[in-house]
There are 2 protein chains.
Amino acid sequence: MMRLPPLNALKAFEAAARHGGFVGASEELHVTRGAISRHVKLLEDHLGVQLFVRQAQGVRLTPAGTAFLPVVSEAFGMIGRAAEAVSSDASELRILCPPGTSIRWLLPKLEDFRQAHPDLNVRLITDFYPDSGFDAIDVDVGFSVSNWPKRKPDLEVQTLFPILLTPACAPDYLRGKALKAPEALTACELLHETRSHGDWKAWIDAFDPAGVVSTAGQEFPNIDIATKAAVMGVGVVMADLVLCRDELETGVLVAPFSDMVCKSPDGDICLIGGRDKWQTPKVEAFRLWAYGVAEADRAAVDKFVNANLQADREQSFNS
Amino acid sequence: MMRLPPLNALKAFEAAARHGGFVGASEELHVTRGAISRHVKLLEDHLGVQLFVRQAQGVRLTPAGTAFLPVVSEAFGMIGRAAEAVSSDASELRILCPPGTSIRWLLPKLEDFRQAHPDLNVRLITDFYPDSGFDAIDVDVGFSVSNWPKRKPDLEVQTLFPILLTPACAPDYLRGKALKAPEALTACELLHETRSHGDWKAWIDAFDPAGVVSTAGQEFPNIDIATKAAVMGVGVVMADLVLCRDELETGVLVAPFSDMVCKSPDGDICLIGGRDKWQTPKVEAFRLWAYGVAEADRAAVDKFVNANLQADREQSFNS
DNA sequence: TCCATGGCTCATTTTTTCTGACCCTATGAG
DNA sequence: CTCATAGGGTCAGAAAAAATGAGCCATGGA
């Protein structure tokens with residue numbers, strides 16, 4: 001196979017042909033006419049063919065040039081488009097995140113990430129699993145335990161924070177009832193996400209309050225609405241210490257059994273991503289940021305749990 | 001549209017990917033490994049994507065690289081093939097020439113041209129007209145008068161030499177008959193090319209010898225065989241002063257009516273070519289050479305005609 | 001453990017490319 | 001007819017890009 005012609009000369013040729021003259025080409029390529037002239041001559045020498053007919057008012061393609069141009073144009077077009085695709089692919093970060101975590105945790109913080117990486121085109125897909133395969137997303141901010149088949153490609157996993165659960169309700173709601181022991185929940189509205197009653201079930205399984213059944217209560221389309229309902233005094237939600245941190249810290253929600261904290265059956269919230277994309281700059285940047293952001297949540301969770309174990313211990317000591 | 005990536009870096013990338021390592025690429029491109037390394041890095045920076053995973057025993061393409069490579073390869077392939085085509089087209093000279101002129105005039109001289117232009121790939125197409133259009137040939141060494149449609153593209157024409165006709169036969173054949181006057185040809189075998197009896201007809205029309213009909217005589221597949229038959233003493237051929245110059249000058253053929261010379265109905269032998277290719281180096285080179293070679297034939301024809309007009313005049317004077 | 005392979009880096013050439021000033025030619029207006 | 005303009009060609013010198021080559025580092029197999 002013939003050695004490729006000088007590629008930069010080809011670029012000059014293509015531009016000159018497109019503009020019908022060396023002046024136009026020189027402006028497009030930000031060089032002088034002389035440079036274009038030399039490039040074209042070099043190419044002509046290489047091919048052994050005259051590509052242009054030089055005339056007073058510009059240049060015209062020779063038959064050889066006419067045959068050559070469309071191929072070169074098309075080839076450059078292909079390369080340009082492919083480069084664009086590869087490049088924009090590199091600048092697009094597709095994040096998958098389940099609705100609850102998305103609305104209550106990721107979304108509010110994401111603007112900060114966007115501003116820290118204005119070159120990245122962030123796309124949040126709020127769902128439990130992606131429509132197409134795992135290839136279509138760069139990273140999943142999701143549950144460590146799940147039943148959708150993420151395992152196709154080799155996956156990397158990095159834990160952000162644990163999902164710790166305890167019942168929570170509005171202070172007013174609490175005032176109406178005497179929630180000293182978990183058995184008192186039988187008299188309460190349990191607030192659920194439509195999808196599952198798994199969180200309540202896990203907590204009930206862990207602390208076994210007599211007479212409390214996880215299937216009782218009201219349902220809401222997602223945990224955010226359920227939490228807001230709890231704030232409005234509708235009932236008791238199974239609060240995620242991280243997702244409801246704000247409400248618990250500001251006191252719009254209180255945890256009547258704050259020493260009774262259990263892990264979610266969904267496991268932890270993790271970053272999960274294909275090994276092939278794990279080290280790419282965009283994913284790496286996101287991982288670094290997310291882990292940093294989650295630091296505060298991990299600390300808050302630890303503090304909550306420690307404080308209440310302490311309280312528990314003191315309480316035990318006093319009684 | 002995105003600006004094209006640095007093309008030489010692309011070349012390095014493509015070679016490296018093909019060889020699965022920078023060493024292979026560096027050998028192919030005759031540069032050091034460092035150079036390839038820099039090129040690839042430049043490209044990666046430009047695209048903002050890692051193209052290779054560096055490993056101890058070479059490199060492996062990343063998903064981005066895998067997507068990018070085939071496009072680049074294909075684009076380079078296109079360019080390479082097109083360059084090859086344009087280039088070889090420039091070095092291939094396709095000459096069309098009718099059989100008689102081809103065998104008796106062009107072909108014996110063509111080796112000289114080939115040696116003068118060893119870079120040119122000369123292709124002689126021996127036929128009256130080309131299979132496909134005039135575009136498929138670069139130049140026609142043919143008749144100025146013909147009925148095949150050469151006129152499609154704008155044509156340039158350059159006369160090489162006239163086609164002048166006079167009967168000729170072997171000296172022995174002459175000895176057997178008394179060919180004083182053209183009417184004596186009634187007793188001779190007229191030798192024709194199968195294709196046409198046009199040359200004899202033209203001569204008979206011009207000099208009007210009583211009783212001689214152009215349709216009489218024997219036929220041969222081409223004028224070369226007919227001429228050779230004449231040399232062997234089979235009959236009288238209508239000799240072209242140029243094509244039969246050798247035979248006439250060496251005396252293996254003699255012209256009994258050498259003062260009776262007429263023009264062929266086919267006109268002159270000319271170079272005929274499309275205007276678009278007329279000035280190309282290969283055609284220009286051939287034209288120059290052909291016109292130079294034909295010089296000797298023009299001179300010989302002039303000499304023959306003048307000498308015989310002279311003889312004619314002297315004969316008239318003597319009688 | 002050591003060595004071979006293969007990639008990375010960087011200061012120093014070497015090569016390529018670009019510039020900028022000038023020349024030439026054709027065209028079209030005055 | 002003359003001049004101005006547009007467009008291309010050329011060249012020496014300057015600037016930029018690329019290549020070198022010598023040393024470094026990591027890995028994987030003998």
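Lettering of chains follows the sequences in order, A, B, ..., and the numbering in each one begins at 1. Side chains are part of it too, since the values below use all heavy atoms of this structure and drop only hydrogens, waters and symmetry mates.
Counting only N and O atoms by type, the side chains of B/Thr62 and B/Gln50 include no donor and acceptor under 3.5 Å apart.
Across all strands shown, A/His30 has heavy atoms under 4.0 Å from sugar-phosphate atoms exclusively, and none from any base.
Rounded to whole angstrom, the span from the CD atom of B/Glu27 across to the P atom of D/dT20 amounts to 12 Å. Atom-to-atom, CG of B/Leu29 to C1' of D/dT20 comes out at 15 Å; the value is rounded to the nearest Å. Atom-to-atom, CZ of A/Arg60 to P of C/dA26 comes out at 15 Å; the value is rounded to the nearest Å. Atom CG of B/Leu7 and atom C1' of D/dA18 are 15 Å apart (whole Å). Look at NE2 on B/His19: it is 17 Å from P on C/dT5, rounded to the nearest Å. Distance CD1 (B/Ile36) to C1' (D/dT20): 13 Å, rounded to an integer number of Å. Rounded to a whole Å, the CG atom of B/Leu43 is 16 Å from the P atom of D/dA17.
Checked for salt-bridge contact, A/Glu295 and A/Arg298 meet the test: a charged N lies under 4.0 Å from a carboxylate O.
Heavy-atom minimum distance, A/Phe76 versus A/Lys11: CE1-CA, 3.6 Å. Between B/Cys97 and B/Leu124 the shortest heavy-atom distance is CB-CD1, 3.9 Å.
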Kindly give the atom pairs (protein nitrogen or oxygen, nucleotide nitrogen or oxygen) under 3.5 Å for nucleotides 6-10 of chain C.
unit_1: C/dG6; atom_1: O4'; unit_2: B/Ala56; atom_2: O; d: 3.0
unit_1: C/dG7; atom_1: OP1; unit_2: B/Phe22; atom_2: N; d: 2.9
unit_1: C/dG7; atom_1: OP2; unit_2: B/Phe22; atom_2: N; d: 3.2
unit_1: C/dG7; atom_1: OP2; unit_2: B/Val23; atom_2: N; d: 3.2
unit_1: C/dC8; atom_1: OP1; unit_2: B/Arg54; atom_2: NE; d: 2.6
unit_1: C/dC8; atom_1: OP2; unit_2: B/Ser37; atom_2: OG; d: 2.8
unit_1: C/dT9; atom_1: OP2; unit_2: B/Lys41; atom_2: NZ; d: 3.2

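Regarding contacts with the backbone of D/dA17, every side-chain N or O of B/His39 stays at 4.0 angstrom or more from both OP1 and OP2.
In this structure, B/Trp289 and B/Phe113 have tilted ring planes: the angle between them lies in the 30° to 60° band.
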Test log, rule side chain to side chain contact (heavy atoms under 4.5 Å, CB included), inputs A/Ile125 and A/Ile137: CA-CA 9 Å; A/Ile125 297 132; A/Ile137 64 166; 4.0 Å; yes
